[in-house]
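Written below as structure tokens is the structure these notes are about.
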There are 2 protein chains.
Amino acid sequence: MDKKITINDIAAKAGVSKTTISRYLNDKFDNMSKTTKVRIEQTIAELDYRPNRQAQALKARNSFLIGVSVADISNMYTSRLLKGIGDYFQNTHYQVLIMDADDNVDRELSNLEKMMTEQVDGIILQPLVHQPDHYQFLIDQKTPVVQVDRYTEPFTWPAVVSDNFQKSVDLAKILKAKQYDTIIVLANRITGVSSRMNRYNGLKAGLTGSQITVHLIEIDDFNWQSQLKKTIVSYNRTAIFALNGQVLWSAVRFLKTHQLRIPEDIGLIGYDDDQFADMISPAITSISQNPQEIGRTAAEKLNMIMTEHALLPKNIRIPSTLQLRDSL
Amino acid sequence: MDKKITINDIAAKAGVSKTTISRYLNDKFDNMSKTTKVRIEQTIAELDYRPNRQAQALKARNSFLIGVSVADISNMYTSRLLKGIGDYFQNTHYQVLIMDADDNVDRELSNLEKMMTEQVDGIILQPLVHQPDHYQFLIDQKTPVVQVDRYTEPFTWPAVVSDNFQKSVDLAKILKAKQYDTIIVLANRITGVSSRMNRYNGLKAGLTGSQITVHLIEIDDFNWQSQLKKTIVSYNRTAIFALNGQVLWSAVRFLKTHQLRIPEDIGLIGYDDDQFADMISPAITSISQNPQEIGRTAAEKLNMIMTEHALLPKNIRIPSTLQLRDSL
DNA sequence: TTGAAAGCGCTAACAC
DNA sequence: GTGTTAGCGCTTTCAA
């Protein structure tokens, strides 16, 4: 690698002091002669000089780095979330440092530690843990944080989330109208994940007063398949509510394996993955979130906190939409 | 935000010079008294001090930052690629700066410029453009680069890719055995994208000597649907070869809309998205890549170049697998 | 076993 | 209109 060109090289070559170069770099042309400006411009172009961001950051005492901690980078929800975040920061002077917790609490913590040593100016966090004191060091450092998809409780940082509870209440109405007697909620471990809890609790809330029973089955349990089978055979009209895209596809695969017909033998409704949900027969009724908008909004809010010390509401809810198709 | 704790604060509180603190931070305990070490340890814990990476980077003259430029962050291939890259660098002292070109050449260039000002130590690039001189400034700066998924030509940087050409040759054999008379290759614009070119050319190469004709239809063309329809009706036994996951699903949707049965009316084979490919009826035969391994390997190779100035082969091919299902 | 001092690339207060 | 100088937080040489 060549020796890097620095501000001193430019100053020497252009025959001015580095202060003047710095002024040029920061658009302070008020008191700069046309000739100087042009000469600096040429020199920079000639030497293909780029100011060193580390040095600028050191001086400015902030890094212009944003940390983004996601639960698992390898699913569609996350991809679209990151698209939204990236689109927003694209037009700012912030760079985005994305870290994947891989659904591992220790790794998440280690990632957040790394972000702190990188001096990130703010963090967008999809928390793995529900208790905010787990993130005590972030609180202590007073780092600006915006949560996405889920939140910790009691309130610590604002969160941009889907309208999970309300949409499940809406869903409950439909389920009642369709005369189901049992709903099986199929999910990853829901304890401590606010989005999943809200979907589950919303459904139960919407169902109160009806005769419909709700069973929760977590696919992290080794015997979820036998649990599921047992529950299905015990009731007449059953529907499965799959709390996210990956679980939805596990459910579809399960029903296919056991040759259960949708919706004749069993109803099915899922979250996410709507681009595939209408691809199979029958098309799956699903609740479609807007992760890109969640990401964009979270980025915008974080920027507001960082630049204007804005005070935000606890929750900002981005609407999702219930896509009625043929599986209920 | 509180005043940040610096090495000086620790030095003052621990009653030693910052040199000693620096030694502690860099594990240089050879000549350090036990007492000093313990006192420093306590002071750091007490003040919750974290060394400033910008300052370290400035001094060390490298940033320990890796730039990753992806064509489009919002698809499964990319997610899994990033998972692999992240997993590798997780255990190093490098951080990963991911930037999304959003399939936009200008934005890609702007992203790469930003990476350079961030002083990244190396770049993993999924190039949008085939001509290396488009990336001339990276060449001039002698930045270590490893390409993924695609490559520029003539040779400039090593690339970690799927065995695209060979797998298409294999596919051609199957297509011949199944007595198709026409293959429609459905793709995004293939010019300048080496992976797509290799899939297309591999198919043609494998088909030479047979009577089978090959049609290329690019779904970026506004009238691709009518082109596709026209081509299908002109032949007897036609199969569609969809060159990536997104195109595959466009094809499935098209066939569904036009009520064409797979494989009776038309054969179908696709790339990627194998987790959904066996979900629909009939299950779709597809070529399944290993993007996570591509990412991991690229990261590893880049690290080798950066640390040992390793010389790498032009191409490192990660095997993909042909998943025979029911759509041919 | 430890410290003083210089310097990484940049910015900004102050001077002229 | 431009330059001198100090300093951001850290590492490292040289000296003690």
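Throughout, a chain's letter reflects where its sequence line sits, starting with A, and its residues are numbered from 1. Reckoned from all heavy atoms, side chains included, excluding hydrogens, waters and symmetry mates. Worth saying up front: this structure is predicted, and the values here are computed from it rather than measured.
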At what angle, to 10 degrees, do the two end axes of the helix from C/dT1-D/dA16 to C/dC16-D/dG1 meet, given five pairs define each axis?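 The angle, to the nearest 10 degrees, is 40°.
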Could you tell me whether [X] and [Y] have a side-chain N and a carboxylate O separated by less than 4.0 Å?
X: B/Arg189; Y: B/Asp103; answer: no
X: A/Lys4; Y: A/Asp9; answer: no
X: B/Arg23; Y: B/Asp30; answer: no
X: B/Asp48; Y: B/Arg50; answer: yes
X: B/Glu300; Y: B/Arg296; answer: yes

Going 5' to 3' on DNA chain C, which nucleotide is the first and which the last to come under 4.0 Å of a heavy atom in chain A?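 The footprint of chain A covers C/dG9 to C/dC14.
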Could you identify which residues of residues 31-38 of chain B place a heavy atom less than 4.0 Å from some atom of DNA chain C, listed by residue number, or say none?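 The stretch gives B/Asn31, B/Met32, B/Ser33, B/Thr36 as the residues lying under 4.0 Å from the strand, ordered by number.
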Less than 3.5 Å apart, any donor N or O on the side chain of B/Gln90 or A/Asp100 sitting next to an acceptor on the other?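 No donor-acceptor contact under 3.5 Å links the two side chains.
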Under 3.5 Å, is there a donor-acceptor pair linking the side chains of B/Glu293 and B/Thr297?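 Side chains of B/Glu293 and B/Thr297: pair found under 3.5 Å.
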ring-ring contact (aromatic ring centres under 6.0 Å, His included) pairs, two or more places apart, involving residues 41-97 of chain B: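 Qualifying pairs, neighbours excluded: B/Phe64-B/His93, B/Phe64-B/Tyr94, B/Phe89-B/Tyr94.
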Strictly under 4.0 angstrom, non-hydrogen atoms only: write out the protein contact profile of nucleotides 8-16 of chain D, one letter per nucleotide from the 5' end, B, S or -. BBBBBB---
On the ring face of B/Tyr151, is B/Lys314 found with NZ or CZ under 6.0 Å from the centre and within 45° of the axis?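 No - B/Lys314 does not lie over the ring of B/Tyr151 by the 6.0 Å and 45° rule.
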Would you please name every residue forming a side-chain hydrogen bond (donor to acceptor under 3.5 Å, both in side chains) with B/Thr36, sequence neighbours left out?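 B/Thr36: side-chain hydrogen bond (donor to acceptor under 3.5 Å, both in side chains) contacts with B/Ser33.
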